[in-house]
Amino acid sequence: MSKKLTIGMFGFGVVGQGLYDIIKTKNLNLEIKKFVIKNADKKRTLPDELFTIDANVILDNPEINTVVELIDDADAAFEITKKALSSGKNVVSANKKMIATHLEELTELQNQYGTSLLYEGAVCGSIPIIRNLEEYYDNELLHSVSGIFNGSSNYILSKIFNEGQSYADALKKAQELGFAETNPILDVGGYDPKYKLTIVASHAYGLFVNPETILNLGIDKLNDSDIRYAREKNFKIKLIPFAKEISNSEVVLYVLPRFITKDNILYNVENENNGVLVKAAFADEQFFYGKGAGGHPTGSAVLSDIAALRYDYRYEYKKHLESQELQYSTNYDLKVYFRYQDEDVLENIEFKSITERYYGEHSKYVIGYINLQEIIDKRDLINQDGYFLAELS
């Protein structure tokens, strides 16, 4: 028998509304008691008495046994989640920054209070990657997990390569459609997929890693020269988070634009869709594809977590029990394309080797091998205006 869930929900934006749309079509033995929202004056699609701006109306209500957290503010989301778990309430969250930044502390709270935090909706929208890593791959040796984790940047790149739009025009269109924020740097700068990668790495490899230590370079410095180079070589550019076990004791994590060829399964993942590629020792290569953004796709992932709580489901973090030998490493060599302006800047970046140089009227670039730690150390030089770095497959 499933137990009844009495829910308090924080946030009623795109995902919250999408979740509610799905819930009202189902008979799931649950009741939404109250919504906490930020703007009390905004007109809602539900009766006013369901809404409040006071978080404690939910957090201090003993009848509410489940908190659904769907707000943008990572700091506020952490305080809500921490108090809810500590007071015996289970939590479902879609806040990837909050979870990535505080995951170790949140797992300790769950163990201390016997509560459960689920967050499938925080990573890749409708794709059930966290539950699969927890359950299907719990006894697998994973060589790598990579993919397209951000629908906004993928939409922009799709418009560039499939319709010939400029980066600026594609970004503007993404903003008009609500795929990208007014300040889109979280998406196009690679921060959003980095938070998701941090969470994935925890379930894939048993690592708690501070996302601030993981390299993320995005597509915000992309220009026509880079697009022209990609087309000449029959590449597409995708923004790819990458987790790979590079030895029996080391795992490497980073987010970089990557030139990929037609034989790469991610080549045809377009628009706001996401794709996760898992390479395993025994199961070999498997691919998960689906909508990475939007109220209903993300809402469906949140609902899956809510439904699982009716049967007291918890993440067991099985890989953490087995991962005593694994450490996060930045000692890894990559083959990259680097467009630059100033020769002095290039001379201050230590490449292992340079295999190709190009000097053109409008751009200069090198292709060569560089260590990941060197990119991290020289990030400010590499990621300034007029410069662009991408990995070559």
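- Considering only heavy atoms from C-beta on, Arg44 stays 4.5 Å or farther from Leu50 through its side chain.
- Applying the 4.5 Å side-chain rule to ILVMFWY residues, one finds Ile148, Ile240, Ile260, Ile265, Leu266, Tyr267, Val269, Leu277, Tyr289 in the same cluster as Phe287.
- The backbone N or O of Thr261 lies less than 3.5 Å from no partner atom in the side chain of Asn264, so there is not a single donor-acceptor pair.
- Between the side chains of Thr52 and Asp54, no donor-acceptor pair is found at a separation under 3.5 Å.
- Under the 6.0 Å cut-off for aromatic ring centres, Phe338 and Phe388 do not qualify, their centroids lying 6.0 Å or more apart.
- Distance check: Leu5 CG to Ile64 CD1 gives 12.0 Å after rounding to the nearest 0.5 Å.
- Atom CD of Gln341 and atom CG of Asp344 lie 12.5 Å apart (nearest 0.5 Å).
- Summarising the local packing, CG of Asn39 is surrounded by more than 12 heavy atoms from other residues, nucleotides or ligands at distances under 6.0 Å.
- For residues 369-379, the salt bridge (charged side-chain N to carboxylate O under 4.0 Å, His left out) pairs, not counting sequence neighbours, are Glu374-Lys378.
- A tilted orientation is assigned to the rings of Phe235 and Tyr229, their planes being inclined by 30° to 60°.
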Full working for side chain to side chain donor-acceptor pair (under 3.5 Å) between Asn95 and Ser93: CA-CA 6 Å; Asn95 194 308; Ser93 174; 5.7 Å; no

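- Taking 4.0 Å as the cut-off between side-chain N and carboxylate O, Glu63 and Lys34 do not count as a salt-bridged pair.
- The salt bridge (charged side-chain N to carboxylate O under 4.0 Å, His left out) test applied to Glu285 returns Lys279, not counting sequence neighbours.
- Residue Val15 is grouped with residue Ile306 when hydrophobic side chains (ILVMFWY) are merged at heavy-atom distances under 4.5 angstrom, including chains of intermediate members.
- Formation of a donor-acceptor pair under 3.5 Å by the Thr355 side chain with backbone atoms of Ile367 is found in this model.
- Between Asn154 and Leu239, every side-chain heavy-atom pair lies at or beyond the 4.5 Å cut-off.
- Residues Val68 and Leu59 fall within the same hydrophobic cluster, defined by Ile, Leu, Val, Met, Phe, Trp and Tyr side chains chained together at heavy-atom separations under 4.5 Å.
- For Asn56, the CG atom counts as densely surrounded, since its 6.0 Å shell holds more than 12 non-hydrogen atoms of other residues, nucleotides or ligands.
- When every heavy atom of Ile246 is checked against every heavy atom of Ser329, the shortest pair comes out as CD1-OG, 4.2 Å.
- Leu346 places a side-chain heavy atom less than 4.5 Å from the side chain of Arg357.
- The pair Lys319-Asp138 fails the salt-bridge criterion, with no side-chain N (NZ, NE, NH1 or NH2) lying under 4.0 Å from an Asp/Glu carboxylate O.
- For Thr66, there are no side chain to side chain donor-acceptor pair (under 3.5 Å) partners at least two apart in sequence or on another chain.
- Within a 6.0 Å radius of CD in Glu350, no more than 12 heavy atoms belonging to other residues, nucleotides or ligands are found.
- For the pair Leu118 and Tyr315, the minimum side-chain heavy-atom distance is below 4.5 Å.
- Side chain of Asn90 to backbone of Ser116: a donor-acceptor contact under 3.5 angstrom is found.
- Glu140 contributes a side-chain N or O that, together with a main-chain N or O of Ala283, makes up a donor-acceptor pair within less than 3.5 Å.
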Show, in sequence, the C-alpha distance, side-chain angles and deciding distance for Lys233 and Phe259, and conclude whether the side chain to side chain contact (heavy atoms under 4.5 Å, CB included) test is met. CA-CA 9 Å; Lys233 304 294 185 182; Phe259 293 99; over 6 Å; no

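- A donor-acceptor contact closer than 3.5 angstrom links the side chains of Asp21 and Gln17.
- Sequence neighbours left out, the pairs with a member in residues 129-166 that pass ring pair (Phe, Tyr, Trp, His ring centres under 6.0 Å) are Tyr155-Phe179.
- Both Ile199 and Val91 are members of a single hydrophobic cluster when ILVMFWY side chains are connected at heavy-atom separations under 4.5 Å.
- Every residue was checked against the salt bridge (charged side-chain N to carboxylate O under 4.0 Å, His left out) condition with Lys194, not counting sequence neighbours, and none meets it.
- Taking the centre and axis of the six-membered ring of Tyr337, the NZ or CZ atom of Arg258 falls outside the cone set by 45° and 6.0 Å.
- Evaluation of the salt bridge (charged side-chain N to carboxylate O under 4.0 Å, His left out) rule for Glu163 yields Lys159 as partners, not counting sequence neighbours.
- Formation of a donor-acceptor pair under 3.5 Å by the Arg231 side chain with backbone atoms of Arg228 is not found in this model.
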Test side chain to side chain contact (heavy atoms under 4.5 Å, CB included) applied to Ser86 and Leu109, step by step: CA-CA 7 Å; Ser86 302; Leu109 283 171; 3.7 Å; yes

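- Side chains of Gln175 and Pro184 form a contact here, defined as non-hydrogen atoms less than 4.5 Å apart.
- A salt bridge (charged side-chain N to carboxylate O under 4.0 Å, His left out) check over residues 65-93, counting only residues at least two apart or in different chains, returns the pairs Asp60-Lys83, Glu79-Lys82.
- Side-chain contact between Val209 and Leu253: present, with at least one pair of heavy atoms (C-beta onward) separated by less than 4.5 Å.
- Sequence neighbours left out, the pairs with a member in residues 15-56 that pass ring pair (Phe, Tyr, Trp, His ring centres under 6.0 Å) are Phe12-Phe35, Phe12-Phe51, Phe35-Phe51.
- Between the Ser363 side chain and the Gly360 main chain, no donor and acceptor come within less than 3.5 Å of each other.
- Under a hydrophobic clustering in which Ile, Leu, Val, Met, Phe, Trp and Tyr are joined whenever their side-chain heavy atoms come within less than 4.5 Å, directly or via other members, Leu389 and Leu197 fall into different clusters.
- Side-chain N or O atoms of Arg310 include none that pairs as donor or acceptor with a backbone N or O of Lys4 at under 3.5 Å.
- Under the 4.5 Å side-chain heavy-atom criterion for grouping Ile, Leu, Val, Met, Phe, Trp and Tyr, Val336 is not connected to Leu157 through any hydrophobic cluster.
- Leu141 belongs to a hydrophobic cluster whose remaining members, ordered by chain and number, are Phe282; membership requires side-chain heavy atoms of ILVMFWY residues under 4.5 Å apart, directly or through intermediates.
- Under the ring pair (Phe, Tyr, Trp, His ring centres under 6.0 Å) criterion, the residue pairs touching residues 56-107 are Phe78-His102, with sequence neighbours excluded.
- When side chains are defined from C-beta on, Thr330 does not count as touching Asn371, because their heavy atoms never get closer than 4.5 Å.
- A donor and an acceptor atom, one from each side chain of Ser166 and Asp169, are located under 3.5 Å apart.
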Distance-only donor-acceptor pairs under 3.5 Å for side chains of residues 119-135, two or more places apart:
{"from": "Tyr119", "atom 1": "OH", "to": "His203", "atom 2": "NE2", "distance (Å)": "2.7"}
{"from": "Tyr119", "atom 1": "OH", "to": "Tyr317", "atom 2": "OH", "distance (Å)": "2.8"}
{"from": "Glu120", "atom 1": "OE1", "to": "Arg131", "atom 2": "N", "distance (Å)": "2.9"}
{"from": "Glu120", "atom 1": "OE2", "to": "Ile129", "atom 2": "N", "distance (Å)": "3.0"}
{"from": "Glu120", "atom 1": "OE2", "to": "Ile130", "atom 2": "N", "distance (Å)": "2.8"}
{"from": "Ser126", "atom 1": "OG", "to": "Lys291", "atom 2": "N", "distance (Å)": "3.3"}
{"from": "Ser126", "atom 1": "OG", "to": "Lys291", "atom 2": "O", "distance (Å)": "3.0"}
{"from": "Arg131", "atom 1": "NH2", "to": "Ser304", "atom 2": "OG", "distance (Å)": "3.3"}
{"from": "Arg131", "atom 1": "NH2", "to": "Asp305", "atom 2": "OD1", "distance (Å)": "3.1"}
{"from": "Asn132", "atom 1": "ND2", "to": "Pro128", "atom 2": "O", "distance (Å)": "2.7"}
{"from": "Glu134", "atom 1": "OE1", "to": "Glu316", "atom 2": "N", "distance (Å)": "2.9"}
{"from": "Glu134", "atom 1": "OE1", "to": "Tyr317", "atom 2": "N", "distance (Å)": "3.3"}
{"from": "Glu134", "atom 1": "OE2", "to": "His203", "atom 2": "ND1", "distance (Å)": "3.0"}
{"from": "Glu134", "atom 1": "OE2", "to": "Tyr317", "atom 2": "N", "distance (Å)": "3.3"}
{"from": "Glu135", "atom 1": "OE1", "to": "Lys318", "atom 2": "NZ", "distance (Å)": "3.3"}
{"from": "Glu135", "atom 1": "OE2", "to": "Tyr313", "atom 2": "OH", "distance (Å)": "2.5"}

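- In terms of heavy atoms, Leu215 sits closest to Tyr328 at N-OH, 4.4 Å.
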